[in-house]
Amino acid sequence: MALACSLCMAACNNKAVIDQNTEVSNQNWTYLNKFRFDAKIDNEKIPYNLYINLRVTGNYKYSNMFILVTQMGPDKKAGTKRYELTLANKDGEWLGDGSGNLYSFQLPLKSAYKFPAKGVYTFFIEQNMRDNPLREVSDVGLRVEKATQ
């Protein structure tokens, strides 16, 4: 049984090009704190799914979060897009997975996205809320995976 679970986990995880999280210092995400993630794309002909990984405490005071994601390709050209992440429904119930006082989210940024070329892509993720620092944010991350076809 344990071997079957291990094999399933290995098979599920081999789709991920990157699945990395970075802790937010003192759970205070400032404007100056831009998180960097590098993803090496070996095949530009297949689609990928991109997700933001986020963890907040139960004391996070908003039901959403605005972030800026900058993508820089091997050609060093960068593009930035603003995203609104919905973290709770209208009655205040968290939409993420809870464990103790932490709520984890894996929210889609792009689905079936084809990178324009092979190479290393650098992503910068920064908070774009009015609060500086944005309190009660524990971790920020990025997942890039091969889309199932």
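The shown structure was predicted, so the numbers you read here are calculated from the model rather than taken from an experiment.
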In this structure, are over 12 heavy atoms from other groups packed under 6.0 Å from Asn64 atom CG?
yes
Which heavy atom of Trp29 sits nearest to which heavy atom of Asn132, and what is that distance?
O-OD1, 4.3 Å
On a heavy-atom basis, the closest approach of Asp42 and Lys40 is OD1-CE, 3.5 Å
Rounded at 0.5 Å granularity, tell me how far CZ in Phe66 sits from CG in Leu85.
9.0 Å
Find the distance between CG (Asp38) and OH (Tyr121) and round it off to the nearest 0.5 Å.
12.5 Å
Near Asp97 CG, under 6.0 Å, is it more than 12 heavy atoms from other residues, nucleotides or ligands?
no
Between atom OH of Tyr83 and atom NZ of Lys110, what is the distance when rounded to the nearest 0.5 Å?
5.0 Å
Before you tell me yes or no, could you show the steps for Arg82 and Asn128 under side chain to side chain contact (heavy atoms under 4.5 Å, CB included), namely the whole-Å CA-CA distance, both residues' side-chain angles and the distance that decides it to 0.1 Å?
CA-CA 8 Å; Arg82 185 175 195 234; Asn128 192 232; 2.5 Å; yes
How far does CD1 of Ile67 sit from CG of Leu109, to the nearest 0.5 angstrom?
5.5 Å
Between Ser111 and Asn49, the two heavy atoms sitting closest are CA-OD1, 3.4 Å
Spacing of CE belonging to Met129 relative to CG belonging to Leu134, to within rounding of 0.5 Å
5.5 Å
List the atom of Tyr60, the atom of Val137, and the distance in Å for their closest heavy-atom pair.
CE1-CG2, 4.1 Å
Check Thr57, Asn59, Asn28 against Arg135 for a side-chain hydrogen bond (donor to acceptor under 3.5 Å, both in side chains) and give me the one that passes.
Asn28
Show your reasoning for whether side chain to side chain contact (heavy atoms under 4.5 Å, CB included) applies to Val144 and Tyr113.
CA-CA 10 Å; Val144 177; Tyr113 174 72; over 6 Å; no
Looking at CD1 of Ile52 and CG of Asn21, how far apart are the two atoms once the value is rounded to the nearest 0.5 Å?
9.0 Å
Aromatic contact between Phe105 and Tyr103, with the criterion being ring centroids under 6.0 Å apart: yes or no?
no
Is the shortest side-chain heavy-atom distance between Thr22 and Phe37 below 4.5 Å?
yes
